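All remarks here apply to the structure that follows.
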Amino acid sequence: MPELPEVETVRRGLEQYVVGKKVVSAESFHRRTIKPSSLGRLEMVTGSKILAVKRRGKFLWFELDRDFVLVAHLGMSGQLLVQQSNAFDQSHLRARLRLGGKLNRTSKDEIRFIDQRTFGWLSVEESSEGIPTSVRHIAFDPFEENFDLKSVVNKIRQKRCSIKSAILNQEVLSGIGNIYADEALWRSKIHPEIICEDLSEVEVKKVISSAKSVMKLAIKSGGTSFDEQYKNVNGESGYFSRSLQVYGQQGQPCSRCGSAIHRIAFANRSSHFCPRCQR
DNA sequence: GTTACGACCTGCGAGC
DNA sequence: TGCTCGCAGGTCGTAA
């Protein structure tokens, strides 16, 4: 599932291949791919030049030599692949940008948006101070220069929801999804259902620093791939799933204490934790 | 204002 | 073998 490390891996891959290229054509093939507010606007990117590929949390966008940007969210199963136009069309191909510029016969000249579960989307929108409209409500992620640890800790400690809900809230801090939330809480030895108000400043800081360090390691490994739902721009899987300590490990012994990892239902999804380490 | 929860969606795998 | 159903989960809207 694409969380911050997976999106950052994709961003780096895109940056390498597409910056400086011109968009020759843009088309979408599924009614849910383009955000309703952007319907009919994808074609506007035709003729523009890609200046940069940016990211905040799980949101990614292409800066263009225009007064609008192209935003992409991968949702649960979205992939942005850079391929040659003569490659076969994937069965869940939702949109395609053809690239021009300095290309040769073997150049990868297409950006393809592939999305099995159609939770991902693209949109063409205005940007203010370098941040697209749909990303403005998203908080800084822990890797951003302006990320203010102290104010995020204070914000979390004022909440009356569970710590896991708080760190999944993209308006508190961005980039963390279900996998890295479970991993961060395991590393900081904190139970996912503990109410934020009951945690000390030190404990909340520990959760955030654990989240940052686990995501940093995941970026080094190219992200987490369980199945076909996440690939980098070259269609390759990441291998951080081998390093997961609790997510998807229910019934397996905790690598710290040997207790069996538990899985519980949590807000329409699941939480994994060690019942002994995370009381 | 804050929090919880359902809806959206599709493919896979388990169970019958 | 074929069918049904539950599960995966990011975001948004709505209800409490």
Side-chain angles (χ1 to χ4, degrees), chain A residues 1-8 10 28-39 55-61 71-80 90-95 113-123 125 132-139 141 152 154-185 192-199 211 215 218 223-231 237 241 244 246-251 261-273:
Chain A
M1 309 300 166
E3 299 182 27
L4 188 153
E6 291 74 35
V7 179
E8 175 59 17
V10 169
S28 68
F29 311 110
H30 192 281
R31 61 181 175 84
R32 278 170 52 91
T33 301
I34 307 299
K35 255 192 150 184
S37 55
S38 264
L39 280 177
R55 179 191 61 74
R56 169 172 290 175
K58 305 169 198 171
F59 290 74
L60 179 149
W61 64 94
V71 185
H73 194 290
L74 302 180
M76 280 179 64
S77 55
Q79 298 171 21
L80 281 164
Q90 292 80 354
S91 53
H92 301 107
L93 178 63
R94 307 302 188 198
F113 182 63
I114 291 139
D115 189 14
Q116 181 197 90
R117 296 178 194 173
T118 67
F119 277 29
W121 49 262
L122 302 174
S123 76
E125 52 192 76
T133 311
S134 64
V135 186
R136 293 199 72 80
H137 70 291
I138 298 298
D141 69 55
V152 173
N154 287 337
K155 201 171 179 180
I156 290 177
R157 291 192 64 219
Q158 284 166 15
K159 288 190 163 288
R160 291 187 298 273
C161 62
S162 68
I163 181 66
K164 182 161 175 184
S165 290
I167 62 173
L168 285 174
N169 185 340
Q170 305 298 301
E171 294 181 12
V172 175
L173 79 166
S174 63
I176 301 175
N178 206 35
I179 298 172
Y180 298 109
D182 283 355
E183 293 298 313
L185 290 165
E193 291 178 315
I194 289 182
I195 302 300
C196 298
E197 279 183 330
D198 298 334
L199 289 168
M215 290 195 291
T224 302
S225 303
F226 292 109
D227 45 28
E228 295 301 307
Q229 303 312 329
Y230 164 68
K231 304 276 187 187
S237 297
S241 56
L244 295 175
V246 278
Y247 184 86
Q249 308 298 313
Q250 60 271 24
I261 299 297
H262 278 202
R263 174 181 169 273
I264 53 169
F266 164 83
N268 286 336
R269 36 187 64 84
S270 52
S271 255
H272 305 78
F273 65 97

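What you see is a predicted model, and the numbers here were worked out from it, not measured in a lab. Quick note on labels: first sequence line is chain A, next is B, and so on, each numbered from 1.
- The separation between R117(A) atom CZ and dT11(C) atom C1' is 15 Å, rounded to whole Å.
- Across the protein-nucleic acid pair, R269(A) atom CZ and dG6(B) atom P stand 12 Å apart, rounded to whole Å.
- Taking side-chain N and O atoms only, K159(A) has a distance below 4.0 Å to OP1 or OP2 of dT3(B).
- Which of dG10(C), dC7(C), dC8(B) sits closest to the side chain of H73(A) comes down to dG10(C).
- In the set dG10(C), dG11(B), dT11(C), dG11(B) carries the atom at the smallest distance from any side-chain atom of Q116(A).
- Put simply, OG1 on T33(A) and NE2 on H92(A) are 11.5 Å apart, with the number rounded to the nearest 0.5 Å.
- Taking 4.0 angstrom as the limit, S270(A) places none of its side-chain polar atoms (N or O) nearer than this to OP1 or OP2 of dC7(C).
- Residue H137(A) places at least one side-chain N or O closer than 4.0 Å to OP1 or OP2 of dC12(C).
- Side-chain atoms of S165(A) lie closest to dA4(B) of the nucleotides dT11(C), dT3(B), dA4(B).
- For the pair W121(A) CH2 and dC12(C) P, the computed distance is 7 Å after rounding to whole Å.
- In this structure, CE on M215(A) lies 5.0 Å from CG on L4(A), to the nearest 0.5 angstrom.
- Atom CD1 of I195(A) is separated from atom P of dA4(B) by 7 Å (rounded to the nearest Å).
- Comparing dG10(C), dT3(B), dC9(B) against the side chain of R160(A) picks out dT3(B) as the nearest.
- Between W121(A) and H73(A), the two ring planes are parallel [angle under 30°; tilted spans 30° to 60°].
- Here K58(A) reaches the OP1 or OP2 of dT11(C): one of its side-chain N or O atoms lies under 4.0 Å away.
- Taking atom CD1 of residue I138(A) and atom C1' of nucleotide dT11(C), one finds them 9 Å apart after rounding to whole Å.
- Checking dT11(C), dT10(B), dT3(B) against every side-chain atom of C161(A), the shortest atom distance belongs to dT3(B).
- In this structure, the CZ atom of R31(A) is 9 Å from the C1' atom of dC9(B), given to the nearest Å.
- Expressed to the nearest 0.5 Å, how far CD of E183(A) lies from CG of N178(A) amounts to 10.5 Å.
- Using a 4.0 Å cut-off between a side-chain N of Lys or Arg and a carboxylate O of Asp or Glu, K58(A) and D141(A) do not qualify as a salt bridge.
- Distance, E171(A) CD to dC12(C) C1': 10 Å, rounded to whole Å.
- The distance from atom CG of L168(A) to atom P of dT2(B) is 18 Å, rounded to the nearest whole Å.
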